[in-house]
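Fair warning: this is a prediction, and the values are worked out from it, not measured in the lab.
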Amino acid sequence: MASEKSRVLVLGGTGYLGKRLVKASLREGHPTYVLQRPENCMDINKIQLLLRLKKHGAKFIEGSLSDHESLVRAVKQVDVVISALSSSDISTTATQLQLKIAAAIKEAGNVKRFIPAEFCIDPARHVHDLEPAKTLNVRMMDVRQAIVEANIPYTSIAANCFAGYFVPNLCQLGSLLPPKDNKVSIFGDGNAKAIYVDENDIATYTIKTIDDPRTINKTLHLMPPKNIRSQNELISIWEKLTGKKYERSTISGEDYLAIMNGADAIIQFGITHNYPIFYEGGYLKSFELKEGDEEATKLYPDVKYTTVEEYLKRYA
């Protein structure tokens, strides 16, 4: 007799990644719940999205992130909790919310897996980045440590680079769409490798982990081999798809960091988050999986991930 599928609660289920996690969970046959928060009851876009998720089979659990008791009641109804709340909040709010969720899970005592809101380059490897990215990475590690100390079974997802933010725009600043003219900026020499992952694939791999004992208390790195590309390679793929030829101009690391001068905090975070991706050989220069790490495409070879070529074809 097949075992019952874990019941999954997605926090932030109407967000950019959250809605994808809900749909992926439903596709895998999990009873899937979205936290219906009272603070969103006047947001028509979120209400409409909740109704669309309901059509797919999602159910709602009422609760508030600012009401501990309601959060505990919500958590007690499921087996797995996934936080898809934004982890890039430059204030302490994101950290505080993650700690509140962890506290509710600890008190409930029934959750067999918690996936905290990381979904980025592994923060454990980037606690020495430039500020303000460094502070955010340190805070995420503080949350991870609190989860460990509370003896909560967890899986961290190192999703690397969301394709939607890097691939269509060829890593250009200021737009998420392909460049309109035939000029592109190259960061450094443009040869540093990065990992670009389709957001739907991030959700698929995440859901694969929740009943997998191989990923418990570990970090799952999403490293699709065909998507480990340099900026120059992305541009060349786009040129081949469109028949265009782009004039490439180089931006030095010094000039790249100078963009932060006078910029708001979000821009500063983006620049310092992206700096180790493009400069000093890139963050993959000496990357090796360590004890406590697993790699998604090796664990789940049945998943047909979207390649960067396929992603770019949507925009051609």
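Proximity of a side-chain donor or acceptor of T209 to a complementary backbone N or O of I207 within less than 3.5 Å is not detected. Although no hydrogens or angles enter the test, the distance criterion places a donor-acceptor pair under 3.5 Å between the side chain of K5 and the main chain of E28. Checking side-chain atoms of N227 against main-chain N and O of T306 turns up a donor-acceptor pair under 3.5 Å. E199 places a side-chain N or O within 3.5 Å of a backbone atom of G164 that can act as its donor or acceptor partner.
For E254, the CD atom is loosely surrounded, since the number of other residues' heavy atoms within 6.0 Å does not exceed 12.
Checking T155 against K218 by side-chain atom types alone, no donor-acceptor pair falls below 3.5 Å. With hydrogens and angles left out, the side-chain atoms of R113 and T215 include a donor and acceptor closer than 3.5 Å. No side-chain donor-acceptor contact under 3.5 Å links N191 and S230. At a cut-off of 3.5 Å, with distance as the only test, no side-chain donor of Y315 or W238 sits close to an acceptor on the other residue. Residues T135 and E131 bring a donor and an acceptor atom of their side chains to less than 3.5 Å of each other. Residues S249 and E247 bring no donor and acceptor atom of their side chains to less than 3.5 Å of each other. Y246 and D181 share no side-chain donor-acceptor pair at under 3.5 Å. Checking R248 against N232 by side-chain atom types alone, a donor-acceptor pair falls below 3.5 Å. Side-chain polar atoms of H221 and D293 form a donor-acceptor pair below 3.5 angstrom.
Placement of L222 and I216 in two distinct hydrophobic clusters is found when ILVMFWY residues are connected by side-chain heavy-atom separations under 4.5 Å, directly or transitively.
When ring centroids are compared, Y33 and F60 stay outside the 6.0 Å threshold. A distance of 6.0 Å or more separates the ring centres of Y305 and Y311.
At a threshold of 4.5 Å between non-hydrogen side-chain atoms, the residues I101 and L85 count as touching. At least one side-chain heavy atom of L35 sits less than 4.5 Å from a side-chain heavy atom of L65. With contacts defined as side-chain heavy-atom distances shorter than 4.5 Å, the pair E309/R229 qualifies.
At a threshold of 4.0 Å, the pair K100-D67 does not count as salt-bridged, since none of the basic side-chain nitrogens sits closer than that to a carboxylate oxygen. Electrostatic pairing of K245 and E239 counts as a salt bridge here, judged by a charged N lying under 4.0 Å from a carboxylate O.
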